[in-house]
Visitor: 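Structure below; questions to follow.
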Amino acid sequence: MDALSFPVITFPPNPKLTSSTVNNDHRFQNHPVLLSLIDHCTSIKQLKQIHAQMLRKGLFFDPFSASRLITASALSSFSSLEYAHQVFDQIPQPNLYTWNTLIRAYASSSDPVRSFQVFLQMLQQCCEYPNKFTYPFVVKAASELKASLVGRGFHGMVIKSSLGSDVFILNSLIHFYGSCGDLDLAYRVFINIPRKDVVSWNSMITAFVQGNCAEEAFDLFRAMEVENMKPNDVTMVGVLSACGKKVDIEFGRWLCSYIERNGIAVNLTLNNAMLDMYVKCGSVEDAKLLFDKMPEKDVVSWTTMLDGYARLGKYEEAHRVFDAMPNQDIAAWNALISSYEQNGKPKEALAVFHKLQISKSAKPDEVTLVGTLSACSQLGAFDPGRWIHVYIKRQGFKLNCHLTTSLIDMYAKCGNLEKALEVFNSVERKDVYVWSAMIAGLAMHGRGRAAIDFFSKMQKAKVKPNAVTFTNILCACSHSGLVEEGRNLFYQMEQVYGVVPGVKHYSCMVDMLGRSGRLKEAMEFIEKMPIARTASVWGALLGACRLHGNVELAEHACSQLLELDPRNHGAYVLLSNIYAKSEKWDQVSRLRKLMMDCGIKKEPGCSSIEVNGIVHEFLVGDNSHPLSKDIYTKLDEIVARLKSIGYVPNKSHLLQLVEEDDMKEQALNLHSEKLAIAFGLISTAPSQPIRVVKNLRVCGDCHSVAKLISKTYDREILLRDRYRFHHFKAGHCSCMDYW
DNA sequence: ATAGGGTTAG
């Protein structure tokens, strides 16, 4: 919803229209010398001197002369809006031009809301109506703020005041509707412009690109040819950006040659757009060739190159570019942080953030924080995550939806659902991503009912759910065994909410049905799918077969899965699991051999635990940790103690055939999650919960052991596995053993 | 009497 409230727009009466006090009567002689001096000012100090002279000579009370002063103080390179506004307030009778200047300056300032305030004041106080110059400025402010209702209000006013055919205003409206994501309305404005100019086309193309409709942008670009409209540099920047999004290097190369053939002026921005296209299409080589030829480079050019290497995982080159850039602004740091974070290297991302803090060469911005928080989420690194939250508060960052979403995600994935809820409740503005993150948080903590509750609250708040919201809510239903609710939501998706179910939603449904033991229904559901079945759908069925020990269906699911994705190690592992559970060891070793022959490796189990801000990682049977000896001693102690209260190791969770019984036990005890928990017990205070993150699904035996430890050692254990959270407390797990 | 709309990195 719109955060800005805007009064009903009516034109106020115009009391001063007939008044004789209006000071536009040229009583004052212009003072050409003084006025031309304004244009030569290079600092606020000089302007203030002229201001003083103007006051002495009475020139300041001439609206025209005052307007020149306002223009210089509000729009020049050394401008000070605050000063401009103070001067403005002293002008007895500002004219429309002067009002427009102030509105314009505020529209492109960091606080565009103020241009609305000045606009409203103008409606009341100025003796003239807003004109064709006023609207582009306020509409621009509305675009900046994505203030969709306010902008529509302006559109209405434009029509009422018969300015509805001004191409400047209409172009700004295209831009406005585009930035609000309302592409249909933007297009409606566009097609109704009788004499479109190149800016009209550019605005519409850019709107399509930014709304992720690259094809439509290309269509429009081609239509320009037909309509004999010559594209310019801005047009090319737009289509190149679309090209990067589509990862279509062929078309991108063609566009570059088009620019050359048609003699389109290449400036720095256009060069940067070409660089970006090459980088996004994965050709850092092409980018490098262009980069070396560019006559002028700015920080964007350097950062784009850095990003090009980093996103390919060429970190050595990326760091070389980083060191070579004239100055590393925050964007450069962000490129490094996000590439690490997005390439599954969250530890490295945190390390870069740490370096940034020490170097103090740039101030973290919102992008930095979002990337770093995401790294914390991946790691389950609660301490750094919490630290960043404090930092956000201390630095006075306003929580926008992006940051809010990241914080909720971080707290949820670090096991602190209460904190996530606290952040959620503390913010006024909640968009679909904020709601979806909260629902995902509830889902991974097994709070299915609450998730459904939030989903209906979301409807009441009039926030439209999207595909991600549905993935999360279906996942919540699945993890809590809420089959009826999940089924209903699935069937409402398209009919009630207009969200067409994608393959992720089908996978969720298969998981939900299968997990709850409805294997037959799950299979029928797959057969009736109207869209192409992917590996993930069969994977969900396979997982359910393992849970319920259905060998036959598992074999079918597995063969279907491998047909679609022959190198899917998860499929082999799951099927081995199923064979192992029913003690078909010959099948287990057959699969093992098959995997070896195909060179497919099981993803090794890995658990990490954060102690005092340091993340420790454990692999299966790991003894690389400095405290390894102590850890194994502790583990022996734990097992002995648990056995004395009736724990029986569950050997069916082993993957390989181990003949001797005690060997089996040992193999179980080598599981990474047990090592991490044992390390947690010896290295953290008894009051502290143990927070472990595992890359795979938690093993059944480890799950039982964690429950028993939570009781026997009176310790909370928070274990996050690949799919969800297990919150062990006093002998119970939050998943209620349904996972 | 002065003026306006569309552009690139994360």
Side-chain angles (χ1 to χ4, degrees), chain A residues 24 26 30 35 38-39 62-72 74-75 95-101 103-105 107-108 131-140 143 163 166-176 178-179 186 189-190 193 196-207 209-210 231-241 244 267-277 279-280 287 297-308 310-311 325 329-339 341-342 362 364-372 374 402:
Chain A
N24 276 340
H26 303 262
N30 282 339
L35 289 189
I38 291 183
D39 299 332
D62 165 41
F64 176 71
S65 305
S67 75
R68 299 282 301 268
L69 186 63
I70 292 290
T71 308
L75 299 173
N95 60 19
L96 186 55
Y97 173 85
T98 318
W99 282 101
N100 284 346
T101 305
I103 291 172
R104 173 187 176 194
S108 38
N131 65 1
K132 59 176 184 170
F133 294 106
T134 319
Y135 286 106
F137 304 144
V138 282
V139 170
K140 185 195 167 92
S143 314
L163 291 169
D166 184 285
V167 71
F168 282 77
I169 297 178
L170 292 172
N171 290 345
S172 75
L173 283 167
I174 295 174
H175 178 69
F176 158 72
S179 15
V189 175
F190 173 75
I193 302 180
K196 304 176 186 61
D197 64 9
V198 68
V199 178
S200 317
W201 289 86
N202 291 349
S203 304
M204 196 60 233
I205 288 176
T206 310
V209 177
Q210 283 170 357
N232 66 7
D233 52 332
V234 180
T235 323
M236 299 319 290
V237 169
V239 263
L240 281 166
S241 165
N267 55 19
L268 178 58
T269 306
L270 185 48
N271 264 330
N272 284 343
M274 288 193 268
L275 267 190
D276 179 54
M277 180 278 294
V279 160
K280 293 244 171 74
K297 302 172 177 83
D298 68 357
V299 69
V300 175
S301 333
W302 284 95
T303 312
T304 307
M305 283 310 294
L306 162 54
D307 183 48
R311 64 167 60 218
M325 344 184 16
D329 71 345
I330 190 61
W333 289 92
N334 290 346
L336 273 182
I337 292 175
S338 343
S339 73
E341 174 256 304
Q342 274 165 23
D365 66 5
E366 193 187 285
V367 178
T368 325
L369 299 170
V370 168
T372 313
S374 165
H402 225 102

Visitor: Ring of A/Tyr97 versus six-membered ring of B/dT2: centres under 5.5 Å and planes under 30°?
Guide: yes
Visitor: What is the distance, to the nearest angstrom, from the CG atom on A/Leu75 to the C1' atom on B/dT2?
Guide: 12 Å
Visitor: For a quick check of understanding: with a heavy-atom distance under 4.0 Å over all strands, which category does A/Ile330 fall into, base, sugar-phosphate or nothing?
Guide: base
Visitor: Under 4.0 Å: is that the gap between some side-chain N or O of A/Lys280 and OP1 or OP2 of B/dA9?
Guide: yes
Visitor: Who are the salt bridge (charged side-chain N to carboxylate O under 4.0 Å, His left out) partners of A/Lys140, not counting sequence neighbours?
Guide: none
Visitor: Expressed in angstrom and rounded to an integer, what is the separation of A/Leu275 atom CG from B/dT7 atom C1'?
Guide: 15 Å
Visitor: Rounded to whole angstroms, how far apart are CG on A/Asn232 and C1' on B/dT8?
Guide: 14 Å
Visitor: Taking only residues two or more places apart in sequence or in another chain, which ones pass side chain to side chain contact (heavy atoms under 4.5 Å, CB included) with A/Thr368?
Guide: A/Ile330, A/Asn334, A/Ile337, A/Phe353, A/Leu356, A/Pro364, A/Asp365, A/Thr372
Visitor: Does a nitrogen or oxygen in the side chain of A/Arg104 sit under 4.0 Å from OP1 or OP2 of B/dG4?
Guide: yes
Visitor: Need one value for A/Thr304: base, sugar-phosphate or nothing, where a base atom within 4.0 Å counts as base even if backbone is also close, heavy atoms only.
Guide: sugar-phosphate
Visitor: With a 4.0 Å limit, can you tell me whether A/Arg68 has a side-chain N or O closer than that to the phosphate oxygens OP1/OP2 of B/dA1?
Guide: no
Visitor: Mark this stacking check for A/Phe133 against B/dG4 as yes or no, applying ring centres under 5.5 Å and ring planes under 30°.
Guide: no
Visitor: Report which part of the nucleic acid A/Gln210 touches: base, sugar-phosphate, or nothing (heavy-atom distance under 4.0 Å, all strands).
Guide: sugar-phosphate
Visitor: Give one of base, sugar-phosphate or nothing for A/Asp307, where a contact means two heavy atoms less than 4.0 Å apart.
Guide: sugar-phosphate
